[in-house]
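Notes for the one structure printed next.
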Amino acid sequence: MLLMLPLLGTMILAGCGTRQSVDTVRLKSRLFDAVKVIGGRGTGLGQFIKPRSVAVDRQDNLYVADITGRVQKFSSNGVFLSFWQMPQTDLGKPKGMGRDSMGNIIVVEPHYSRVNHFTTAGKLVAQWGKPGTSPGELAFPRAVAVNSSGEILVSEYGKAERVQRFSALGKRFLGSFGHAGSGPGEFNRAEGLAIDAADRIYVADSCNHRVQVFSPDGRFLRSYGQAGSGLGELSYPYDICVDPAGRQYVCEFGNSRVQVFDAQDRQLEVLGAPGSDPGQFGNPWSLALDSAGNLYVADSGNNRVQKFLRRPR
């Protein structure tokens, strides 16, 4: 569990004439030294209303999508840099982000059944997706992940409980796996996706309160987790990341925490607990790891992003 040490408050100039509070608190953790708070409630630059998705680019800049329909860009130190607005939000707001093999930022629009690719400057370079439940069509897509071949995995829930695989920029449908249910390889609201160093696929099977692991071609391998709040138990896991060592970071919307598991699915530690102090969470939605192993968490209920600073290795 986390131990909060005295607050090291700082103020950082956020750009465009705004100022943004970034609070850093030391932690007692096996993997992380401290946590830094980025943003706060509001619609101004560097502020958020229920941030639900995060991603990082090749330079470790941070991108955050919230329910205002904006995508905001921050430096690795949490300084606001720029933003762009999704042009259509009447049907719903973006949810689900990633980075493609060309370094573009992927933004998913579930209610429009489409996937967008933006340059790091916010220029739209590709948009794809056709509504429907047939192979290659999209029905409420929720998350994306990209494997070592540049192929894009997309999770869907509701009308189609599945994960589909596409070539780069969605140009070609390559296959799918999963359907509704609670058995091995079945899903009940498939949410976050992750890919490990061997291209195995990890699915946050949120309403089944578990994580499922699949081979690169979608063959079921194993699963772990069950409903609960104890160690190793899960409550609505909404996202997952896997680091180069195979450690799995699971974001629990229901328990307001992040659990860390090793490559053998053994529980290592818990980050956070319900609350609004630095290092605590209010229904977190999304995770991202940068190249240094720092962990970003979209702390939706607290209208902020938290950055867990990796302990020197």
Side-chain angles (χ1 to χ4, degrees), residues 1-2 27-36 38 53-64 76-78 96-101 103 105-106 143-153 155 163 191-205 210-216 221-225 231-232 234 237-252 255 257-272 279 281 284-299 305-313:
M1 301 295 289
L2 297 183
L27 302 177
K28 183 178 180 181
S29 162
R30 297 175 62 174
L31 298 173
F32 300 98
D33 259 346
V35 61
K36 177 182 289 188
I38 301 171
S53 298
V54 289
V56 294
D57 66 19
R58 289 173 174 169
Q59 287 72 46
D60 284 340
N61 296 307
L62 169 69
Y63 299 78
V64 185
S76 60
N77 291 323
M97 297 179 74
R99 186 179 75 219
D100 70 19
S101 58
I105 301 302
I106 304 173
V144 294
V146 180
N147 67 18
S148 64
S149 299
E151 298 168 347
I152 300 173
L153 285 297
S155 63
V163 174
E191 284 273 356
L193 296 173
I195 306 289
D196 70 11
D199 277 341
R200 288 180 291 258
I201 304 161
Y202 297 71
V203 183
D205 186 11
R210 66 185 179 185
V211 170
Q212 297 199 72
V213 186
F214 299 84
S215 68
L221 298 176
R222 66 185 195 270
S223 68
Y224 66 90
L231 297 181
L234 300 172
Y238 269 15
D239 205 3
I240 182 169
C241 287
V242 182
D243 71 17
R247 284 180 290 259
Q248 305 164 59
Y249 304 80
V250 182
C251 172
E252 294 182 70
N255 284 326
R257 66 185 183 184
V258 175
Q259 287 197 79
V260 186
F261 298 84
D262 69 12
Q264 288 74 46
D265 309 333
R266 296 174 299 205
Q267 202 264 2
L268 293 176
E269 72 173 338
V270 175
L271 303 175
F281 301 116
W285 273 75
S286 179
L287 303 172
L289 286 166
D290 69 13
S291 64
N294 301 308
L295 179 71
Y296 290 96
V297 183
D299 187 9
V305 172
Q306 298 197 66
K307 180 181 182 180
F308 287 77
L309 305 173
R310 187 62 180 267
R311 187 178 296 278
R313 286 169 277 187

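If you're wondering where the values come from, they're calculated on a predicted model, not measured in any experiment.
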*The single option from V297, L31, D239, L268 passing side-chain contact (heavy atoms from CB on, under 4.5 Å) against Y249*: L31

*Going by heavy atoms in the side chains, are L153 and F214 under 4.5 Å from each other?*
no

*Does L234 offer a backbone N or O that forms a donor-acceptor pair with the side chain of R210 under 3.5 Å?*
no

_Treating R200 as the side-chain partner and V213 as the backbone partner, does any N or O pair qualify as donor plus acceptor under 3.5 Å?_
no

_Can you confirm whether V146 sits close enough to I106 that some side-chain heavy atom of one is under 4.5 Å from a side-chain heavy atom of the other?_
yes

*Please check if the side chain of S286 supplies one atom and the backbone of V54 the other of a donor-acceptor pair under 3.5 Å.*
yes

*Where do V144 and G98 come nearest, in terms of heavy atoms and distance?*
CG2-N, 4.0 Å

_Flag, side chain of Q259 to backbone of E269, donor-acceptor distance under 3.5 Å_ = no

*asked:* Are the side chains of D33 and P312 in contact, using a 4.5 Å heavy-atom criterion?
replied: yes

*With a 4.5 Å heavy-atom cut-off, do I240 and L193 have their side chains touching?*
no

*asked:* Could you work out, with side chain to side chain contact (heavy atoms under 4.5 Å, CB included) as the rule, every residue matching S291, not counting sequence neighbours?
replied: D60

*Would you find a donor on one side and an acceptor on the other, under 3.5 Å apart, between the side chain of D199 and the backbone of S148?*
yes

_Worked verdict on V305 versus D299 for side-chain contact (heavy atoms from CB on, under 4.5 Å)_ = CA-CA 5 Å; V305 172; D299 187 9; over 6 Å; no

*Might you point out which heavy atoms bring P216 and A198 nearest each other, and give the distance in Å?*
CG-O, 3.6 Å

*Heavy atoms, side chains only, cut-off 4.5 Å: are L271 and L295 in contact?*
yes

*From D265 CG over to S223 OG, what is the distance, rounded to the nearest 0.5 angstrom?*
8.5 Å

*Out of curiosity, Y296 OH to S76 OG, how far, rounded to the nearest 0.5 Å?*
6.0 Å

*Would you say the side chain of F281 lies within less than 4.5 Å of the side chain of Q306, judging by non-hydrogen atoms?*
yes

*For A204 and P237, which heavy atoms make the closest approach, and how far apart are they?*
CB-O, 3.5 Å

_Nearest heavy atoms of A245 and A263, plus distance in Å_ = O-CB, 4.0 Å

*Rounded to the nearest 0.5 Å, how far apart are CG of N294 and CG of L289?*
8.5 Å

*If you take all heavy atoms of P284 and C251, which pair is closest and at what distance?*
O-SG, 3.3 Å

*Locate the shortest heavy-atom distance separating D262 from Q248; write the atom from each residue and the value.*
O-NE2, 3.0 Å

*Supply the atom-to-atom distance C241 SG to R247 CZ, rounded to the nearest 0.5 angstrom.*
13.0 Å

*Donor-acceptor pair, S53 side chain versus G96 backbone, under 3.5 Å?*
yes

_Tell me if a side-chain donor or acceptor on S155 pairs with a main-chain N or O of E191 at a distance below 3.5 Å._
yes

_Check whether N147 reaches the backbone of S149 with its side chain - one donor and one acceptor, N or O, closer than 3.5 Å._
yes

*Going from CG on D290 to CG on N61, what distance comes out if it is rounded to the nearest 0.5 angstrom?*
10.5 Å

*Kindly compute the distance separating CD1 (I38) from CG (N77), expressed to the nearest 0.5 Å.*
9.0 Å

*According to the interplanar angle, ranging from 0 to 90°, do the rings of F32 and F308 count as parallel (below 30°), tilted (30 to 60°) or perpendicular (above 60°)?*
perpendicular

